[in-house]
**Student:** 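If you scroll down you'll find the structure; I have some questions about it.
All of these numbers come straight from a predicted model, not from anything done at the bench.
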Amino acid sequence: MAESRCGSGSCCTVNRWVTAAWGMLIMFISGTIYLFPSYSDSLRLQLGYSVSQVDTVGTLLNFGTWMSILGGFVYDRYGPKVTGYGGTSMILLGYLLMYAAARGAISASYIAMGVFTFILGQGSGWMYSVALNTSIANFSSADRGKLVGMLVCCFGLCSGVFSQFHTGFFGNDSTVNSFLLFLALVTSSIGFVGTALTNFVGRQPAKHDPPPASPWRLRAGYLIAVLIALYMASASLIETFLDAPPSLALTATLAVLMTAPLLLIVRTAPYCVGMSSTHGVGEGDQDMATSLLEPVNSEPLISTEPSREEQYTFLQTCKSLDFWLLFLLFLGAIGSGIMVVNNLPEIVISRLKLPNESVIDKADVPHSQDTSTFLVLFSVCNTLGRLSGGYLSDTFASSVSRSTCIVIATVLMAITQAYFMYASLNMMFFGSILLGLSYGGLFSLTPTFVVEAFGIASFGATWGLMGLAPAAGSEIFSAGIAGHFADKLRVDNYVNITSDGSVTSHCLGEDCFRTAFIVNTCACLISIVVAVLLAMRQNRGTANTLLVRTKEH
């Protein structure tokens with residue numbers, strides 16, 4: 001229930017910066033799906049899975065996350081509390097089942113493990129909706145791109161942060177068991193507390209936005225995210241290039257920095273109804289003092305009388321050609337990006353200069369830290385892509401449309417996929433940067449465009465349906481294409497890696513993933529054509545979206 005303090009003709013409710021700050025932390029735990037590559041190889045060694053089987057497990061994890069349409073319906077109907085507690089419970093259950101399987105307490109085929117990761121992914125998708133949707137409703141449309149960028153960058157940062165936790169806190173552990181238990185406890189704790197502190201605040205009459213946020217406070221949120229990203233990258237690069245063991249002190253400092261978003265709450269105060277323009281409002285966000293006319297109920301839904309931005313129902317959105325154009329380009333561009341992220345460990349091994357059919361101990365594998373470094377670089381640049389996508393698209397909105405920005409991000413993803421076709425290990429450092437920027441840009445721009453094009457009244461369900469695109473793309477490009485060709489070529493070109501008495505075979509040679517990258521590049525080229533068509537429809541006023549209706553009025 002939202003807190004309130006009423007008296008003397010006024011009423012104060014929870015302020016939106018509490019929800020936004022905890023939304024950033026909730027995004028941190030929701031993004032642990034991107035962490036899978038950092039421990040998938042260990043999981044494969046422990047449980048004896050093949051490359052395609054591990055890809056299937058990772059794909060089901062992505063399916064669970066992006067098939068969040070059910071969570072969207074729950075959010076639209078019951079609000080953030082029910083959705084948040086349900087999502088956190090699924091995250092906890094998913095990690096505990098994975099932990100039990102890794103320990104051998106329960107028997108788990110790769111299909112069973114995939115079901116466990118699907119449950120985990122569903123929880124992550126539900127929590128993503130809680131953090132993103134609630135803050136979108138609480139803040140002005142003028143701040144929407146910046147706010148989305150600030151939130152979703154934490155989703156992208158998560159893999160790098162927790163990858164550093166993995167190497168720093170559990171680097172001496174030959175199994176993944178303790179790390180999975182750590183993830184279960186940390187993510188569920190943040191999820192339950194964050195959900196308790198997530199609320200809608202009072203809304204103005206439907207024809208008006210909430211008042212704009214303090215510009216310096218939004219910039220502070222961006223600064224916090226950038227500092228975490230830079231610190232994380234520095235710690236990883238120090239360990240990689242100085243050949244230093246993972247530092248417990250550096251990792252502990254990163255854990256403290258992860259709580260920095262809570263500083264955004266300092267010197268803010270609740271919304272006040274029926275008060276003067278400055279009374280009861282923290283000095284840091286005095287722009288929030290605008291009277292709201294309506295107090296907050298225990299769990300209000302977004303609005304009972306939709307404004308222009310809230311006119312599309314879920315069924316109306318499904319009938320829009322522009323929604324399906326966006327869906328198709330999201331499937332091709334993001335699906336190909338997920339393929340690279342999911343297969344990073346195998347891509348690194350495939351490009352090692354090792355004799356064919358050789359046997360090598362895991363501890364002696366050259367460039368063993370590269371996967372973690374690439375993952376951190378991807379995470380950092382994913383963050384920068386999300387931040388810049390939100391900030392720049394808002395800043396230059398009068399001259400460059402959001403749909404045009406999506407075209408630019410899609411072109412960058414196509415360049416990235418073509419670059420990876422012939423990239424050596426050293427070239428993959430730059431490739432990880434390109435991948436992060438393009439991937440993050442698309443994930444910042446797309447939800448903002450969906451809100452502006454189809455409204456926020458049914459945004460939970462609409463974004464949940466859009467989430468099926470990366471889920472399908474993950475299955476097509478990762479498990480269906482990359483895993484298939486890697487397993488097929490591994491028959492004649494392989495290296496055997498031993499660890500604790502077990503042996504796993506890995507595809508060796510640049511050809512292992514070249515076909516997959518060719519397919520990815522072609523998919524991205526198709527996505528570019530679709531993105532251009534979408535932008536032309538918006539700019540010419542022929543699209544079936546709220547953006548066109550707004551121009552007409």
**Student:** Minimum heavy-atom separation for A196 to N199, with atom names?
**Tutor:**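 For A196 and N199, the tightest heavy-atom pair comes out as O-ND2, 4.1 Å.
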**Student:** Are F459 and F454 an aromatic pair, judged by ring center distance below 6.0 Å?
**Tutor:**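 No: the rings miss the under 6.0 Å criterion.
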**Student:** Ignoring hydrogens and geometry, is there a side-chain-to-backbone donor-acceptor pair from D76 to A461 under 3.5 Å?
**Tutor:**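 Between the backbone of A461 and the side chain of D76 there is a qualifying donor-acceptor contact (under 3.5 Å).
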**Student:** Any side-chain heavy atom of C522 within less than 4.5 Å of one from I526?
**Tutor:**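 A side-chain contact is absent here, since even the closest heavy-atom pair is not under 4.5 Å.
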**Student:** Side chains of F28 and I228: does their closest heavy-atom pair fall under 4.5 Å?
**Tutor:**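 When only atoms from C-beta onward are counted, I228 and F28 do touch, with a gap below 4.5 Å.
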**Student:** If the threshold is 4.0 Å, N to carboxylate O, is there a salt bridge linking R351 and E510?
**Tutor:**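 Salt bridge between R351 and E510, a charged N being under 4.0 Å from a carboxylate O: no.
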**Student:** Taking everything shown except Y49 itself, do over 12 heavy atoms lie less than 6.0 Å from its OH?
**Tutor:**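 Yes - once you tally the heavy atoms of other residues, nucleotides and ligands closer than 6.0 Å, there are more than 12.
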**Student:** Can you find a heavy atom in the side chain of I190 that is under 4.5 Å from one in the side chain of T88?
**Tutor:**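 Counting from C-beta outward, I190 and T88 never come under 4.5 Å.
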**Student:** When the ring planes of F179 and H166 are compared, do they come out parallel, tilted or perpendicular, using 30° and 60° as the limits?
**Tutor:**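 The arrangement is parallel - the two ring planes meet at less than 30°.
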**Student:** Please report the shortest heavy-atom distance between Y222 and G149, naming the atom on each side.
**Tutor:**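 Y222 and G149 have their closest heavy atoms at OH-CA, 4.0 Å.
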**Student:** Under 4.0 Å between a Lys/Arg side-chain N and an Asp/Glu carboxylate O for R44 and E346?
**Tutor:**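 Looking at E346 together with R44, the answer is yes, because their closest N to O distance falls below 4.0 Å.
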**Student:** Test side-chain contact (heavy atoms from CB on, under 4.5 Å) on N138 and T19; report intermediate values, then the result.
**Tutor:** CA-CA 9 Å; N138 287 344; T19 295; 3.9 Å; yes
**Student:** Do T117 and M98 come close enough that some side-chain heavy atom pair is under 4.5 Å?
**Tutor:**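 The answer is yes, as the side chains (C-beta and beyond) meet within the 4.5 Å cut-off.
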**Student:** Is a donor from one side chain sitting under 3.5 angstrom from an acceptor on the other, for S401 and T404?
**Tutor:**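 The answer is yes; a qualifying pair exists.
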**Student:** Would you say F430 has more than 12 foreign heavy atoms packed within less than 6.0 Å of its CZ?
**Tutor:**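 Counting neighbours around CZ of F430, 12 or fewer heavy atoms of other residues, nucleotides or ligands fall under 6.0 Å, so no.
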**Student:** Over all heavy atoms of both residues, which pair between A486 and F513 is shortest? Give the atoms and the distance, please.
**Tutor:**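 Minimum heavy-atom separation between A486 and F513: CB-CZ, 4.0 Å.
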**Student:** Return yes if some donor-acceptor pair links the side-chain N/O of S478 with the main-chain N/O of E475 below 3.5 Å, else return no.
**Tutor:**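 Side chain of S478 to backbone of E475: no pair is present.
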**Student:** What I'd like to find out is whether the side chain of V115 reaches to under 4.5 Å of the side chain of L60, using heavy atoms alone.
**Tutor:**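 With C-beta onward as the side chain, the pair stays apart.
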**Student:** Would you say T448's side chain and S444's backbone share a donor-acceptor pair under 3.5 angstrom?
**Tutor:**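 Yes, because the side chain of T448 sits within donor-acceptor range (under 3.5 Å) of the backbone of S444.
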**Student:** Take W22 and M27, measure what side-chain contact (heavy atoms from CB on, under 4.5 Å) needs, and give me the verdict at the end.
**Tutor:** CA-CA 9 Å; W22 276 96; M27 282 292 191; over 6 Å; no
**Student:** Check whether any side-chain heavy atom of S527 lies under 4.5 Å from a side-chain heavy atom of L328, and answer yes or no.
**Tutor:**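 Not touching, per the 4.5 Å side-chain cut-off.
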**Student:** Indicate the ring-plane relationship of Y128 and W463, choosing parallel, tilted or perpendicular according to the 30° and 60° boundaries.
**Tutor:**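 Geometry flag for W463 against Y128: parallel rings.
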**Student:** Indicate the atoms forming the closest heavy-atom contact of S163 with L35, along with that distance.
**Tutor:**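 Closest approach of S163 to L35: N-CD1, 3.3 Å.
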**Student:** Walk me through whether I476 and M339 qualify under side-chain contact (heavy atoms from CB on, under 4.5 Å).
**Tutor:** CA-CA 9 Å; I476 294 170; M339 171 260 154; over 6 Å; no
**Student:** Taking only Lys NZ, Arg NE, NH1 and NH2, and the carboxylate oxygens of Asp or Glu, determine whether R144 and D394 approach each other closer than 4.0 Å.
**Tutor:**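 No.
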**Student:** What closest approach, in Å, do W126 and T83 show between heavy atoms, and which atom pair accounts for it?
**Tutor:**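 Distance-wise, the nearest heavy atoms are CE3-O, 3.6 Å.
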**Student:** Check step by step if ring pair (Phe, Tyr, Trp, His ring centres under 6.0 Å) holds for F330 and F327.
**Tutor:** CA-CA 5 Å; F330 207 47; F327 185 95; 8.4 Å; no
**Student:** Are a donor atom and an acceptor atom from the side chains of Y75 and T134 found within less than 3.5 Å of each other?
**Tutor:**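 Side chains of Y75 and T134: pair found under 3.5 Å.
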**Student:** Will you find, in the side chains of Y95 and T32, an N or O donor that is under 3.5 Å from an N or O acceptor?
**Tutor:**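 Yes, because at least one side-chain N or O of Y95 sits under 3.5 Å from a partner of the opposite role on T32.
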**Student:** Would you call the rings of F443 and F155 parallel, tilted or perpendicular, taking 30° and 60° as the class edges?
**Tutor:**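 Answer is tilted, since the angle falls between 30° and 60°.
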**Student:** Could you go through L465 and C318, starting from their C-alpha distance and side-chain angles, then the distance that decides it, and tell me whether this counts as side-chain contact (heavy atoms from CB on, under 4.5 Å)?
**Tutor:** CA-CA 9 Å; L465 179 59; C318 291; 3.7 Å; yes
**Student:** Can you tell me if Q122 and T65 form a side-chain donor-acceptor pair at under 3.5 Å?
**Tutor:**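 No - no donor-acceptor pair under 3.5 Å links their side chains.
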**Student:** Under a 4.0 Å threshold between the charged nitrogen and the carboxylate oxygen, would K146 count as salt-bridged to D143?
**Tutor:**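 No salt bridge links D143 with K146.
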**Student:** Between Y439 and R386, is any pair of side-chain heavy atoms under 4.5 Å apart?
**Tutor:**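 In contact.
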**Student:** Are there more than 12 heavy atoms of other residues, nucleotides or ligands under 6.0 Å from atom CZ of R514?
**Tutor:**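 More than 12 heavy atoms, drawn from other residues, nucleotides or ligands, come within 6.0 Å of this atom.
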**Student:** Could you tell me whether a side-chain N or O of Q46 sits under 3.5 Å from a main-chain N or O of V176, the two making a donor and an acceptor?
**Tutor:**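 Confirmed, Q46 side chain pairs with V176 backbone.
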**Student:** Determine whether Y312 and S458 make a side-chain contact, defined as any pair of heavy atoms from C-beta on separated by less than 4.5 Å.
**Tutor:**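 Of all side-chain heavy-atom pairs linking S458 with Y312, none is under 4.5 Å.
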**Student:** Check L489 against C507 and note the closest heavy-atom contact, atom names and distance.
**Tutor:**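 So the minimum-distance heavy-atom pair works out to CB-SG, 3.8 Å.
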